[in-house]
Amino acid sequence: MVVKRVQLKDYRNYALADVTFGEGVNVLYGSNAQGKTNLLEAIYFCSVGRSPRTPRDRELIRAGQERGFVKLTQADAGGDNTVEIVLSKSENKRVAVNGYPILKLGELMGVVAAVYFSPDEMRIIKDAPGDRRRFMDIALCRMSKNYFYLLQRYNKILAQRNRLLKNGEAPDDVLDVWDNQLASSGARIALQRKGYLSRLLPYASEAHGYLSGEKEELTLAYEGLAGETEEEIFDLFLKELQESRMRDRKLCFTSCGVQKDDIAVRVGETDVRAYGSQGQQRTAALGLKLAETELHKERRGEYPVLLLDDVLSELDPARQTKLLTRSQRYQTVLTCTHVVQELTSDCTLLHVENGTVHEG
């Protein structure tokens, strides 16, 4: 899959822009605060329907304007597709795929496959478990619309159970009904997350070894619900819900479930989440993202586009070279302030200045 063209109107600092991308490595270069990251963000926005930088769509509209617009054209084995998003300060965003409005955001998943990485993505390793769950969920949603809807269902059931607990309206027979539904959806989510990590691990280990010069070994492990089959996970989760019911009533929320899942990330014997150096955490996070592109290729038959925001400045020269070499496997769009020597050949250079983009 490749992104061919992005058109913007009143998006962030872009009044109007029409940008064409090459199939290989695309370099957005220019001074800081000129709009490089905004263009990268627009591609990812068309992939998952949300910005990687803010949960508030209104912030994506150019200052002083009431509406904004993004249109992306991509090509894959099935032909060209378009995604159009209209932003408004007074209404919810409207999304259309190939000219047809979609009513559910899940219908957007998989149309534009994009993997995004910036220095802030180190939070996948060093911050709270929620960031690692989000990493798994976005990847799984992009590969399966059914997973997107399953996750939605689980969250709705969880919210209802928590509401009953908070309001003190949770007799045992009512909780029994919600517990069964929560365990059913949770077991399916846990099984898919476990499967995802087992498939991701060899790619992540290889990518991390490549970036570190084979000096370190990365391992991943699922931390969450016990059990190996859907039936076993269901039984164990349901039992845990029943055993924690008294505690949940006191806490007024559900204290167990896949909303507590985490990924154990180790380099050698070191848990890099808590004890890794910044360099180890950065390399591990980047390795996970590179692994994500390979697993997507395995499952869908095509690579996603790789979006790298100001990553080169965070890497030493050896890792810069390794990353740029690896990026030639698929379409890559990266941002930087200065064009390094490795970017002067076989790349599409796009100069960004004050919300305008010029090739060369």
Side-chain angles (χ1 to χ4, degrees), residues 48-59 89-93 103-109 120 123-124 126-141 144-194 196-197 222-227 229-264 273-274:
V48 299
R50 53 173 285 183
S51 164
R53 298 156 60 195
T54 176
R56 293 173 288 277
D57 291 339
R58 293 182 58 175
E59 294 181 4
K89 289 187 176 180
S90 58
E91 302 173 333
N92 291 332
K93 61 176 174 275
L103 301 179
K104 296 180 178 180
L105 198 57
E107 298 305 306
L108 180 62
M109 298 300 159
D120 289 341
R123 64 177 181 265
I124 295 172
K126 69 178 185 177
D127 284 359
D131 291 299
R132 290 180 284 279
R133 287 194 299 274
R134 192 174 301 112
F135 164 75
M136 288 190 288
D137 287 340
I138 289 174
L140 283 163
C141 286
S144 169
K145 293 176 183 178
N146 288 336
Y147 183 85
F148 176 85
Y149 293 122
L150 175 62
L151 194 62
Q152 276 194 331
R153 173 174 169 75
Y154 180 88
N155 287 332
K156 287 179 181 178
I157 297 168
L158 179 65
Q160 179 61 30
R161 189 180 192 272
N162 287 342
R163 195 175 299 115
L164 291 170
L165 291 167
K166 185 176 181 180
N167 295 338
E169 301 171 355
D172 285 339
D173 59 337
V174 173
L175 282 180
D176 285 342
V177 174
W178 291 106
D179 286 0
N180 272 277
Q181 294 187 42
L182 198 67
S184 177
S185 296
R188 294 166 62 193
I189 290 171
L191 191 64
Q192 291 197 47
R193 286 178 177 174
K194 289 182 182 188
Y196 176 75
L197 287 179
Y222 172 83
E223 292 184 342
L225 298 179
T229 66
E230 184 177 330
E231 294 76 14
E232 189 178 3
I233 298 171
F234 171 84
D235 290 339
L236 292 170
F237 184 19
L238 185 60
K239 182 181 179 182
E240 190 174 2
L241 284 167
Q242 292 167 346
E243 291 176 346
S244 65
R245 186 172 290 183
M246 186 176 296
R247 179 175 70 245
D248 290 353
R249 282 198 169 104
K250 291 179 180 179
L251 295 172
C252 296
F253 65 84
T254 305
S255 60
C256 62
V258 295
Q259 74 277 10
K260 303 289 185 178
D261 281 359
D262 199 356
I263 307 172
R273 295 173 298 182

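This structure is a prediction, so every number in the text was calculated from the model and none was measured. Values below: all heavy atoms of this structure, side chains included; hydrogens, waters and symmetry mates excluded. Sequential numbering from 1 along the given sequence is applied to the chain's residues.
Under a 3.5 Å cut-off, the side chain of Lys194 and the backbone N or O of Gly227 do form a donor-acceptor pair. Arg249 places no side-chain N or O within donor-acceptor distance of the main-chain N or O of Met246, the cut-off being under 3.5 Å. Checked by atom type and distance alone, the side chain of Asn162 pairs as donor or acceptor with a backbone atom of Thr254 at under 3.5 Å. Arg50 places no side-chain N or O within donor-acceptor distance of the main-chain N or O of Asp57, the cut-off being under 3.5 Å. One N or O on the side chain of Ser244 and one on the backbone of Leu241 form a donor-acceptor pair closer than 3.5 Å.
Using a 4.0 Å cut-off between a side-chain N of Lys or Arg and a carboxylate O of Asp or Glu, Asp261 and Arg133 do not qualify as a salt bridge. A salt bridge links Asp179 to Arg245: one of the charged nitrogens lies within less than 4.0 Å of a carboxylate oxygen. A salt bridge is defined here as a Lys NZ or Arg NE, NH1 or NH2 lying under 4.0 Å from an Asp or Glu carboxylate O, and Asp131 with Lys126 fails to meet this definition. The residues Lys104 and Glu107 are annotated as not salt-bridged, no charged nitrogen and carboxylate oxygen being separated by less than 4.0 angstrom. Salt bridge status for Arg273 with Asp127: absent, with no side-chain N to carboxylate O gap under 4.0 Å.
Within the 4.5 Å cutoff, no side-chain heavy atoms of Gln259 are placed close to those of Asn155. In this structure, Arg163 and Gln160 have side chains that are in contact, with non-hydrogen atoms separated by less than 4.5 Å.
Put simply, CZ on Arg132 and CZ on Phe135 are 11.5 Å apart, with the number rounded to the nearest 0.5 Å. With rounding to the nearest 0.5 Å, the separation of CD1 in Ile189 from OH in Tyr196 is 15.5 Å. Between the CD atom of Glu243 and the CG atom of Leu238 there is a distance of 10.0 Å, given to the nearest 0.5 Å. The CG atom of Asp172 lies 9.5 Å from the CD atom of Gln242; values are rounded to the nearest 0.5 Å. To the nearest 0.5 angstrom, Met109 atom CE is 5.5 Å from Cys141 atom SG. Distance check, rounded to the nearest 0.5 Å: CG of Leu105 to NZ of Lys93 gives 6.0 Å.
Side-chain atoms of Gln181 and Tyr154 form no donor-acceptor pair, as typed in the model, at a separation below 3.5 Å.
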Quick one, Lys260 with Leu225, criterion side-chain contact (heavy atoms from CB on, under 4.5 Å). Give me CA distance, side-chain angles, the key distance, then yes/no.
CA-CA 9 Å; Lys260 303 289 185 178; Leu225 298 179; over 6 Å; no

Verdict with reasoning, Tyr147 to Arg193, per side-chain contact (heavy atoms from CB on, under 4.5 Å)
CA-CA 10 Å; Tyr147 183 85; Arg193 286 178 177 174; 3.1 Å; yes

side-chain contact (heavy atoms from CB on, under 4.5 Å) assessment of Thr229 paired with Phe234:
CA-CA 8 Å; Thr229 66; Phe234 171 84; over 6 Å; no

side-chain contact (heavy atoms from CB on, under 4.5 Å) between Leu182 and Phe237, intermediate numbers included
CA-CA 9 Å; Leu182 198 67; Phe237 184 19; 4.2 Å; yes

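When all heavy atoms of Ser255 and Asp248 are compared, the closest pair comes out as OG-OD1, 2.6 Å. Summarising the geometry of Glu230 relative to Ala187, their closest heavy-atom pair is O-CB, 3.6 Å, with the distance given to 0.1 Å. Considering all non-hydrogen atoms of both residues, Val48 and Leu108 come closest at C-CD2, 4.0 Å. Between Lys145 and Gly106, the closest heavy-atom pair is CG-O, 3.3 Å. Here the closest non-hydrogen pair linking Ile263 and Met136 is CD1-CG, 3.6 Å. Of all the heavy atoms in Gly186 and Val258, the pair that sits closest is O-CG1, 3.5 Å.
At most 12 heavy atoms of other shown residues, nucleotides or ligands fall within 6.0 angstrom of atom CZ in Arg188. Counted within 6.0 Å of CG on Asn92, heavy atoms from surrounding residues, nucleotides or ligands total 12 or fewer; the atom is thus considered open.
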